[in-house]
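None of these values were measured; they are calculated from a predicted model.
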Amino acid sequence: MGKALLQANIGLKYDEVPVGAVIVDGAGKIIARAYNKIESEQCQLAHAEARAIKKACKKIGGWRLNGCRIYVTLEPCLMCFGLIKLSRLEGVVFGAQSNLFGIGLHDLENIKNYAKDINIVSGIKEKECVEILKKFFNSVRKKRKEKGKQ
């Protein structure tokens, strides 16, 4: 999760919502890293998870990421969780819960049948993951407030 947080910090430097993702293979070797690029690419397909999955597929030369696990600083949204499942990732490890866009991975009863074949772990480095998001959104609010005073 530390490596995913490093990716989130890169995104923060570029004024992106600071979400980072890392994919590791069955041996624990990192095969892909990514951060959100939604603002710079002006497209919702540029989520950290989607970008990491694309990089991992390119690295291994196929779309099936069997035996791999994704570490992400924020609970995946519905779109990203769909990609995780379709890519055959065996596990999702995330830090902060997303009450706004998250799929409810912290409450597996909500998605029991859909996620039954994916090992899900939540709350890893949660405090650090929440803090970087707070830092970003506080900065956004401050900029809006200052802009409103002009």
Does any N or O in the side chain of Asn36 come within less than 3.5 Å of the main-chain N or O of Val17, such that one atom is a donor and the other an acceptor?
-> yes

Can you find a pair of side-chain heavy atoms, one from Glu126 and one from Phe94, that are under 4.5 Å apart?
-> no

For Gln42, enumerate each residue passing the side-chain contact (heavy atoms from CB on, under 4.5 Å) test, keeping only those at least two apart in sequence or located in another chain.
-> Glu39

With Val140, which of Arg144, Lys143, Lys142 fulfils side-chain contact (heavy atoms from CB on, under 4.5 Å)?
-> Arg144

Here the gap from Ile124 atom CD1 to Leu5 atom CG, rounded to the nearest 0.5 Å, amounts to 11.5 Å

Across all chains, not counting sequence neighbours, the side-chain hydrogen bond (donor to acceptor under 3.5 Å, both in side chains) partners of Arg33 are none

Rounded to the nearest 0.5 Å, what's the gap from CD on Glu75 to OG on Ser98? Could you check?
-> 6.0 Å

Thr73 side chain reached by Met1 side chain, heavy atoms, under 4.5 Å = yes

Could you please spell out the steps behind the side chain to side chain contact (heavy atoms under 4.5 Å, CB included) verdict for Ile60 and Leu65?
-> CA-CA 8 Å; Ile60 67 165; Leu65 298 175; 3.4 Å; yes

Go through the steps to decide whether Val24 and Cys68 satisfy the test side chain to side chain contact (heavy atoms under 4.5 Å, CB included), and finish with yes or no.
-> CA-CA 6 Å; Val24 299; Cys68 295; over 6 Å; no

Are Trp63 and Ile70 connected, step by step, through hydrophobic side chains (Ile, Leu, Val, Met, Phe, Trp, Tyr) whose heavy atoms are closer than 4.5 Å?
-> no

Residues Arg69, Glu90: salt bridge by 4.0 Å N-O rule = yes

Is it the case that one hydrophobic cluster holds both Val19 and Val130, taking links as side-chain heavy atoms less than 4.5 Å apart, direct or via other members?
-> no

Looking only at heavy atoms, which two atoms of Ser87 and Ile53 are closest? And how far apart?
-> OG-CG2, 3.3 Å

Smallest separation among heavy atoms of Gln97 and Leu74, with atom names | O-CD1, 3.8 Å

Check whether more than 12 heavy atoms from other residues, nucleotides or ligands sit under 6.0 Å from atom NZ of Lys55, and answer yes or no.
-> yes

Which atoms form the tightest heavy-atom contact between Ile38 and Glu16, and what is the distance?
-> N-OE1, 3.1 Å

For the atom pair CD (Glu49) and CD1 (Ile84), what is the distance rounded to the nearest 0.5 Å?
-> 6.0 Å

What distance do Arg51 atom CZ and Ile23 atom CD1 have between them, rounded to the nearest 0.5 Å?
-> 11.5 Å

Smallest heavy-atom separation, Leu12 atom then Pro18 atom, equals CB-CB, 4.1 Å

Quick one: does Asn119's side chain get under 4.5 Å of Val92's, heavy atoms only?
-> no

Would you check if the side chain of Arg64 reaches a backbone N or O of Gly62 as a donor-acceptor pair within less than 3.5 Å?
-> no

How long is the span from the CD atom in Gln44 to the SG atom in Cys77, to the nearest 0.5 Å?
-> 8.0 Å

Do you reckon Tyr71 sits in the same ILVMFWY cluster as Leu6, going by side-chain contacts under 4.5 Å, direct or chained?
-> no

NZ (Lys54) and CG (Leu45) are apart, to the nearest 0.5 Å, by 9.0 Å

By the rule that ILVMFWY residues connect when side-chain heavy atoms come within less than 4.5 angstrom, directly or transitively, which residues belong alongside Ile10?
-> Tyr14, Tyr35

Please name the pair of heavy atoms, one in Phe81 and one in Ile118, separated by the smallest distance, quoted to 0.1 Å.
-> CZ-CD1, 3.7 Å

Going by an N to O cut-off under 4.0 Å, is there a salt bridge joining Asp117 and Lys85?
-> yes

Return the minimal non-hydrogen interatomic distance between Ala34 and Ala48, and the atom names on each side.
-> CB-O, 3.5 Å

